[in-house]
Amino acid sequence: MQERVRRAILTSKNVTILPHSNADPDALGSACVLAYLVNKINPVANVRIVVSDGIGGECKDLARLCIEMNIRIEAVKRFQQVETRIEDLCILVDVASTEHLRYAKQILKTCKTIAILDHHSIHNYETDLFTNSEVIYLVDPAASSTAEIVYRFINEFNVKVESDFLKILLAGIIWDTKRFQRISSNTFKYVNEMIERGVQYAETIKLVENVKPVYSRIARIKCLLRHRGFKATINNKEIYIAISEVGAYESDCASTLITIGYDIAFIINTDESLKILRIIYRARENLIEDVKLDVYENIIKKLTDLFGGGGGGHKGAGGAVLRTFNVETVIAEIIKILNRISGNNLVEFVENRVG
Ligand SMILES: [Mn+2]
């Protein structure tokens, strides 16, 4: 499989690397190092990274470092900003669903070869986007992160890489494993190799640890003020579920709700311009094992089946784009599903505001 990728890289002139929209350190870091690898293997290739919806606040420093290393990143916030050309090779990086490419999705139709590099266990690809392309799947759900898969490539292709690129990959691993809370059997071995090759661990942590901007703080406060809380009893165990809505920083909103004690948090964000709605979830993984609830399969999938759209994710995190603009209907549907799963053992918390 690696040989097919190497051949595709060697014979390509235009290469576009596509991380998921609003790229996080795993997606952007992997894309950045991959761009470098492609040029190492094929120095005449025109390589660019195209990312929709900009870059997540948590990887601004990482993006800066990547640009300093002469990697070309195009951030697109509208359809019109996507510059299409004939692509010899497109590489999807950390993309669980083609919906997560957002504005950059149309690029896929121009690609002769599409390589999919990912570690998600559940995928949702609009395969008619692939009909004119040769597709190479490089998916490894056992990997802790996409960065880990890219690191393996460096070893397999036997490419010498500057330590700043390894630092970027390590940042991706730290981010996606939530500082090594969920690892693969190779994670520590790879991290050790990176450190032996000159990566400073303390410096790397700083890359993904920058202070949250004030907007994130406001989004988290609004998220708390707006949320609805529920208690469901499933298999004789009580689980706590939150639903909220914010205009940005959905994942900060979700992790805030999980931090205060919820087991599952659903966050909705509507997109005026595209007339769609995005929903993301976070869930405590151990509890989900206890009550045998797969948030993606049992809840999110039901929503995409009903409203249209697509998504992807892990047991602990994921999301979808829904082809509707009606928040109330979506929330009513989530409540309906939770009622069904819990055998009508769902109670909403009702509290008055202070004062
Ligand atoms: Mn990832």
Side-chain angles (χ1 to χ4, degrees), residues 17-35 37 49-63 66 73 91-102 104 115-125 137-154 165-188 190-191 194 204-205 207-209 249-252 254-255 258 267 278 280-283 285 295-296 300 310-321:
I17 298 176
L18 298 156
H20 62 73
S21 66
N22 202 2
D24 65 6
D26 184 39
L28 191 75
S30 299
C32 174
V33 177
L34 202 59
L37 269 184
I49 296 170
V50 178
V51 50
S52 265
D53 274 347
I55 286 155
E58 67 282 354
C59 58
K60 287 280 188 289
D61 289 345
L62 192 147
C66 180
I73 302 178
I91 310 177
L92 303 193
V93 176
D94 206 35
V95 177
S97 160
T98 39
E99 292 285 344
H100 294 165
L101 290 173
R102 305 263 281 159
I116 298 173
L117 191 71
D118 191 32
H119 71 116
H120 293 92
S121 45
I122 304 161
H123 292 99
N124 197 322
Y125 298 131
Y137 287 93
L138 303 155
V139 177
D140 180 6
S144 71
S145 51
T146 304
E148 196 172 298
I149 305 176
V150 175
Y151 180 74
R152 216 184 296 146
F153 275 2
I154 292 176
F165 283 114
L166 297 178
K167 180 179 174 181
I168 288 171
L169 284 185
L170 179 54
I173 293 176
I174 293 172
W175 179 266
D176 249 37
T177 60
K178 297 187 186 145
R179 283 213 199 173
F180 308 111
Q181 285 186 49
R182 65 172 178 236
I183 54 162
S184 77
S185 54
N186 286 315
T187 307
F188 288 130
Y190 293 159
V191 173
M194 290 174 183
T204 311
I205 282 194
L207 260 190
V208 283
E209 210 182 34
Y249 295 101
E250 300 103 298
S251 55
D252 289 359
S255 16
I258 296 289
I267 314 299
R278 277 198 288 175
I280 66 143
Y281 67 88
R282 292 288 180 277
E285 294 189 34
V295 181
Y296 188 81
I300 300 290
H314 315 277
K315 278 183 208 153
V321 170

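Below, each value reflects all heavy atoms present in this structure, side chains not excepted, and no hydrogens, waters or symmetry copies. Predicted model, so just to flag it, every value in this text is computed and none were measured. Note that ligands are numbered from 1 as they come in the structure, with each ligand's atoms numbered from 1 the same way.
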**Item:** Sequence neighbours excluded - salt bridge (Lys or Arg N to Asp or Glu O under 4.0 Å) pairs with any residue from residues 169-179
**Value:**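 Found Arg179-Glu209.
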**Message:** Between Asp94 and Pro19, is there a side-chain heavy-atom distance shorter than 4.5 Å?
**Reply:**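 SC-SC contact between Pro19 and Asp94 ruled out.
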**Asked** At the Mn ion (ligand 1), what angle lies between atom NE2 of His119 and atom OD2 of Asp94, rounded to 10 degrees?
**Response**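 Angle NE2(His119)-the Mn ion (ligand 1)-OD2(Asp94): 130°, rounded to 10°.
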**Prompt:** Looking at Asp26, which of its N, O or S atoms is the nearest one to the Mn ion (ligand 1)?
**Reply:**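 Closest N, O or S atom of Asp26 to the Mn ion (ligand 1): OD2.
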**Message:** Which atom name does Asp176 have for its N/O/S atom nearest to the Mn ion (ligand 1)?
**Reply:**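 Restricting Asp176 to its N, O and S atoms, the minimum distance to the Mn ion (ligand 1) goes to OD2.
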**Message:** How long is the straight-line distance from CD of Glu250 back to CG of Asn22, given to the nearest 0.5 Å?
**Reply:**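 Between Asn22 CG and Glu250 CD, I get 7.0 Å after rounding to 0.5 Å.
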**Request:** Output all residues satisfying side chain to side chain donor-acceptor pair (under 3.5 Å) with Glu99, sequence neighbours left out; order by chain, then residue number.
**Result:**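 By the side chain to side chain donor-acceptor pair (under 3.5 Å) rule, Glu99 matches Arg323.
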